Amino acid sequence: MNLRRVVALVLCGLVAQASRAVSTNRVTVDSRGTVRFGACVLLGKGSTEPIKDSWMVVGDTPEAALAYLRAERHASRAALARAEKLIRAELTRPYIAVEPTPVAVPLDELIEVPVLGTAIARGFRIARVEPPIVDAAPTEDQAALRITGRLPGRAMITITRDGLSLDVPLVVVPRAARRLSEISLQVTGEPTADQLAQAAAAIAEPLLERPPGTRLTVTPTEPSALRLRASGGDAAPTDDLVVYRTERVSFEHNAASRVLPGCGSASGSVVAPGLLGRMAVVTEATYRAVSWQVNSSGEPLAIQARLANAGGEPARVWMNLAATGPTDNAIWAGHKASREYLRAKLAEAGVFVTVPPRSVWVVCSREAKSGQGVGWLGDLRLVSGADVEWQVLALPPDSARLGPQPLPPDSQPREPAPLVQAAFPERLTEVITSDDATRVVETTCGEAEGTAGVRYRFTLLLTNPSGVATPWGVAISPVAGQAQVAFEVDGKLVETPLLTPDGPFVWIQPLEPGEQRAVHLSLVLPTGSSLPLRLRVGPFALIAAP
């Protein structure tokens, strides 16, 4: 019988009898090469001094200790036998332990802390609690401490058994955020994961009751859940998986008739914190919100969009906003926003929010470093309520939170907000007829300035007059500069790579001899890209020719 088999049989009984103790006897190796099983030195020269240099954990069982000695240190049979004897003595020595310490106890929460060691075979008792800022008691099986934090501060619990005593230091701190498990959303259609996450985070934010100085990160997960992590200061970190339930509501989707621009400078440059702009929102219109704001202040800023309700009644708003950034890649950010917006339009998707009276609802707030931008694209409609504004702000990064908040003093300047008189963003469907195998039809979308966010819709009437099957094509490219575009063809979303005037994206549609086909194409002009865009429709051989 080989040595490995012998060692496994010898230690099998020890592991079964001392399973609780094994969990605390970690196998560690320090930079001097000393191997320990718990406090017991198995190989190398031990020291009574604390290990101050680097060390690592390589296991927490006797088998792991012996396997490491055999495989990594090439220990002899005599060394392995000595290590086995030391391990057996370590496992049978009575002790009592709590790991790690100090024990962090969240304020007003009950936790269970395992008490380890062979000395608790018949239970333990609590000898004292100093000072009384916690409630503590053994569990029914006397294998753990049940501790509830009552007041913030530090305490010490002393537990005893079989003549052994252990002082367990505690620290009671509030959570970085209140615990949540589930929230509810009212939606239309099938919102994208990003839109659901943004809306769910906005609803969850005020429920979390975060102390000042804590920071929140929100990560969408699948399916229908958010990972909320909060940390900062002296608070106990919070890491929760929050499920959001969706209730679908019928809603009449109207085309946007007015534009809510970013409200910043013409160049989209933000140089200082403050209110960048405000516009009144009324119930009889659907608005297109489009923005790309770049932080040029030299310091981090939170770029924020919010709805302010100065009235005495709740305001109910439907929206399908797609937020993007922070990033210094304006072309990619604009493309992503337009892609998510088109995806939401195809699914007739949106979410409802209710802005309480004399409150604001922050729908987007993202921190941007100097040189980075934040943007959004989407539609919103005031379903009910009055005296509502759309506001865009730049704020210090730690002061920006999502969801409902009391109406700040700077939200309602004395003069009324202007009504939006911007151009109609939804272009009527344009018909492009391509029925000549020797000719290419060309059109452009948008102007160089002020048309980002405008949605263009085309009906392409394609006819192959030849007697052979011929591929027709639609080529999209910027007139100058670079662009990246998302467009929809007969209900299918298509994305282009980065385009140049000499490098268009060509979508191909095969046509049989004499075949006629109507193709519906729509696109939203993205922020960040060079405009206008050129569309060329015709036989693929002509479009592909230089």
Side-chain angles (χ1 to χ4, degrees), residues 192 194-195 198 253-270 276-281 285-295 303-307 317-327 329-345 349-351 362-366 368 373-382 389-394 417-427 445-457 478 483-488 522-533:
T192 66
D194 283 349
Q195 289 170 334
Q198 183 81 359
H253 293 264
N254 294 336
S257 59
R258 300 182 185 179
V259 177
L260 291 169
C263 306
S265 65
S267 63
S269 180
V270 181
L276 303 180
R278 48 196 284 266
M279 292 189 178
V281 177
T286 299
Y287 296 83
R288 176 73 41 78
V290 56
S291 178
W292 175 248
Q293 305 290 331
V294 177
N295 178 11
I303 309 299
Q304 183 182 105
R306 69 190 188 190
L307 290 158
V317 180
W318 173 90
M319 65 180 66
N320 63 1
L321 208 67
T324 183
T327 179
N329 189 336
I331 293 179
W332 165 249
H335 164 68
K336 181 187 177 199
S338 62
R339 177 193 68 196
E340 294 305 309
Y341 171 75
L342 274 177
R343 184 172 287 147
K345 290 292 288 185
V351 296
V362 180
V363 298
C364 176
S365 184
R366 299 195 174 188
V374 171
W376 49 81
L377 174 64
D379 293 342
L380 67 89
R381 182 175 166 191
L382 180 62
E389 291 183 9
W390 171 261
Q391 300 176 347
V392 179
L393 305 93
L419 285 170
V420 180
Q421 300 295 337
F424 180 72
E426 297 282 37
R427 297 294 294 265
C445 303
E447 304 298 332
E449 296 289 343
T451 51
V454 174
R455 185 181 179 208
Y456 282 76
R457 293 179 291 183
Q484 192 169 7
V485 183
F487 62 95
E488 172 253 326
S522 69
L523 60 86
V524 176
L525 298 182
T527 61
S529 288
S530 295
L531 301 176
L533 300 177

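Worth saying up front: this structure is predicted, and the values here are computed from it rather than measured. FYI, the numbering just counts along the sequence from 1.
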So, taking the atom named NZ in K336 and the one named CD in Q484, what distance separates them when rounded to the nearest 0.5 Å?
12.5 Å

Carefully, step by step, assess L380 and V281 under the rule side chain to side chain contact (heavy atoms under 4.5 Å, CB included).
CA-CA 9 Å; L380 67 89; V281 177; 4.2 Å; yes

In this structure, OH of Y456 is separated from OG of S522 (nearest 0.5 Å) by 13.0 Å

Residues in side-chain contact (heavy atoms from CB on, under 4.5 Å) with A322, at least two apart?
E340

For S529 and I331, which heavy atoms make the closest approach, and how far apart are they?
OG-CG2, 3.8 Å

On a heavy-atom basis, the closest approach of L321 and A289 is CD1-CB, 4.0 Å

Backbone N or O of G453 within a donor-acceptor pair of the Y341 side chain at under 3.5 Å?
no

On a heavy-atom basis, which atom in V374 and which in A368 lie closest, and how many Å separate them?
CG2-CB, 4.0 Å

Going by side chain to side chain contact (heavy atoms under 4.5 Å, CB included), D379 matches just one of M319, H253, R288, R455. Which one?
R288

Would you please name every residue forming a salt bridge (Lys or Arg N to Asp or Glu O under 4.0 Å) with R381, sequence neighbours left out?
none

Using only atom types and a distance under 3.5 Å, with no angle test, would you say the side chain of R339 pairs donor to acceptor with the backbone of A486?
no

Considering non-hydrogen atoms only, spot the tightest contact between E488 and L342 and give its length.
N-CD1, 4.2 Å

Main chain of T286, side chain of N254: is a donor-acceptor contact present, judged purely on distance under 3.5 Å?
no

Does some side-chain heavy atom of V363 sit less than 4.5 Å from a side-chain heavy atom of W390?
yes

Which heavy atom in T324 sits nearest to a heavy atom in A337, and how many Å separate them?
CG2-CB, 4.1 Å

Let me see the working for L276 and L393 under side chain to side chain contact (heavy atoms under 4.5 Å, CB included), right down to the final yes or no.
CA-CA 5 Å; L276 303 180; L393 305 93; 5.5 Å; no

Test C445 against L525 for side chain to side chain contact (heavy atoms under 4.5 Å, CB included), laying out the working first.
CA-CA 8 Å; C445 303; L525 298 182; 3.9 Å; yes

Which heavy atom of P526 sits nearest to which heavy atom of L531, and what is that distance?
O-CD1, 4.4 Å

Check the pair V290 / W376 against side chain to side chain contact (heavy atoms under 4.5 Å, CB included), numbers first and verdict last.
CA-CA 6 Å; V290 56; W376 49 81; 6.0 Å; no

